[in-house]
Peer 1: 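Supplied in structure tokens, the structure appears directly below.
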Amino acid sequence: MRTALLLLLGLVVVACSDAQPGSGRKVVGFAQIGAESAWRTANTRSIKEEAARRGWDLRFSDAQQKQENQILALRTFIAQGVDAIILPPIVETGFEPVLRDAKAAGIPVVLTDRSVEVTDPSLFTTFIGADFVEEGRRAAAWLAKTTGGKAMIAELEGSVGAAPAIDRKKGFASGVAGYPDMKVVWAQSADFTRAKGKEALEAFLKTPEGRGITAVYAHNDDMALGALQALAEVGRKPGVDVIVVSIDGVRAAFEAVAAGTLGCTVECNPIIGPLVFDVLEKIGRGETVERRIVTPGGVFDASNVREALPTRAY
Ligand code: AHR
């Protein structure tokens with residue numbers, strides 16, 4: 001069964017590419033997590049466009065939010081002898097064996113967006129992505145300022161075990177720790193998707209405790225947009241009865257901020273293709289690259305979103 005899946009995935013991966021390793025063009029395997037959010041599709045587009053622009057042969061695999069699919073894709077890329085691998089790991093743990101195989105095959109792995117927990121840091125060359133803990137802290141700071149340090153909060157968490165879910169929760173918790181009247185009264189994973197965000201919050205809003213919340217903190221914009229729908233459906237006015245804060249900064253979230261329903265979105269920039277390929281090309285030339293490259297982001301609310309909306313790229 002496993003071999004059949006591996007072969008199938010291999011076929012899918014090969015079908016996306018036209019150059020063979022050793023044929024002159026550089027080949028990179030991109031084991032993407034899925035298409036769970038607007039952020040993710042913008043991230044995929046950015047990396048694919050940059051590969052095409054620079055003449056790299058990109059082999060793409062969509063793991064559909066499953067770690068086993070991502071690991072199979074990595075094994076396929078290793079078997080094909082690609083020149084490098086781009087990996088946004090879906091969760092933090094469980095990648096060590098396959099990363100060891102990549103290292104043994106001499107294939108550099110560039111982690112993008114999310115990081116992994118490994119005992120041997122030499123298993124990846126660098127990690128390019130945002131500071132998720134800081135994003136959570138910024139969301140908390142904005143909410144504290146906006147509510148005067150008083151809020152009963154429902155938290156929509158990202159995928160269980162994923163670095164952004166773990167770190168954004170940690171950052172937010174540390175940000176509200178100094179405010180005794182800010183309490184997270186409920187938290188549930190909604191897998192970074194709009195549909196699950198809506199479904200989870202809607203069920204909670206119908207409980208006695210849910211009727212008492214005054215704020216929602218969502219680990220990404222898609223879940224926040226689902227939360228806005230859930231609030232509207234139970235007759236609570238987002239932006240008036242309940243303040244919603246989230247992370248990503250996608251266009252639909254900007255529009256919701258401009259409309260007054262979403263309070264704030266903390267930016268996490270998915271447009272990292274140019275940076276990733278700068279790094280891949282440096283690695284190809286044998287140059288040293290930094291172990292950690294932090295991508296910057298802003299904070300958008302009613303005070304600055306209208307100005308930023310017309311040029312929003314994702
Ligand atoms: O890892 C980044 C997160 O993953 C983004 O916040 C979210 O939208 C995506 O699915």
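We're numbering straight along the sequence, starting at 1. Side chains included, hydrogens not; waters and symmetry mates left out as well; all remaining heavy atoms used.
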Peer 1: For Y314, I'd like to know if atom OH has over 12 heavy atoms of other residues, nucleotides or ligands within 6.0 Å.
Peer 2: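 Count over threshold, so yes.
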Peer 1: Students often mix this up, so state it plainly: with edges at 30° and 60°, are the rings of Y217 and F172 parallel, tilted or perpendicular?
Peer 2: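 Plane angle under 30°, so parallel.
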Peer 1: For the pair K196 and E199, find out whether any cationic side-chain nitrogen is under 4.0 Å from an anionic carboxylate oxygen.
Peer 2: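 No, K196 and E199 are not salt-bridged.
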Peer 1: Using 4.0 Å as the upper bound for N to carboxylate O, is an ion pair formed by E49 and R53?
Peer 2: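 Salt bridge absent between R53 and E49.
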Peer 1: Indicate whether any N or O donor in one side chain lies under 3.5 Å from an N or O acceptor in the other, for W142 and D301.
Peer 2: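 Yes, D301 and W142 have a side-chain donor paired with an acceptor closer than 3.5 Å.
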Peer 1: Got a sec, which pairs hit side-chain hydrogen bond (donor to acceptor under 3.5 Å, both in side chains) with one end in residues 234-259, sequence neighbours left out?
Peer 2: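 For residues 234-259, and leaving out neighbouring residues, the side-chain hydrogen bond (donor to acceptor under 3.5 Å, both in side chains) pairs sorted by first residue read D221-S246.
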Peer 1: Hey, could you give me the OG1/CD distance between T44 and Q32, rounded to the nearest 0.5 Å?
Peer 2: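 Rounded to the nearest 0.5 Å, the OG1-CD separation comes to 3.5 Å.
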Peer 1: Among the clusters formed by ILVMFWY side chains lying less than 4.5 Å apart, do L231 and V245 turn up in the same one?
Peer 2: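 Unlinked, L231 and V245 end up in two clusters.
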Peer 1: Heavy-atom distance under 4.5 Å between the side chains of E50 and V276, does that happen here?
Peer 2: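 Of all side-chain heavy-atom pairs linking V276 with E50, none is under 4.5 Å.
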Peer 1: Is the shortest distance from a Lys or Arg side-chain nitrogen in E267 or R138 to a carboxylate oxygen in the other one below 4.0 Å?
Peer 2: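 Looking at R138 together with E267, the answer is no, because their closest N to O distance does not fall below 4.0 Å.
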Peer 1: Measure the shortest side-chain to side-chain distance between C264 and K145 over non-hydrogen atoms and say whether it is less than 4.5 angstrom.
Peer 2: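 No, too far: nothing below the 4.5 Å cut-off.
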Peer 1: For residues 118-127, which residue pairs qualify under side-chain hydrogen bond (donor to acceptor under 3.5 Å, both in side chains), counting only residues two or more places apart or in two chains?
Peer 2: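 Applying side-chain hydrogen bond (donor to acceptor under 3.5 Å, both in side chains) to every pair that reaches into residues 118-127, excluding sequence neighbours, yields E96-T119, K103-S122, D120-S122.
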Peer 1: Considering only distance and modelled atom types, tabulate donor-acceptor pairs under 3.5 Å from the side chains of residues 149-159, sequence neighbours left out.
Peer 2:
unit_1, atom_1, unit_2, atom_2, d
E155, OE1, K169, NZ, 3.3
E155, OE2, H219, NE2, 2.7
E157, OE2, K169, NZ, 2.6
S159, OG, D191, OD1, 2.7

Peer 1: Does atom CD of E287 have more than 12 heavy-atom neighbours, drawn from other residues, nucleotides or ligands, at distances under 6.0 Å?
Peer 2: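 Yes, enclosed.
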Peer 1: Would a 4.5 Å heavy-atom cut-off, applied to side chains only, mark K26 and R54 as touching?
Peer 2: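 K26 vs R54: side chains apart.
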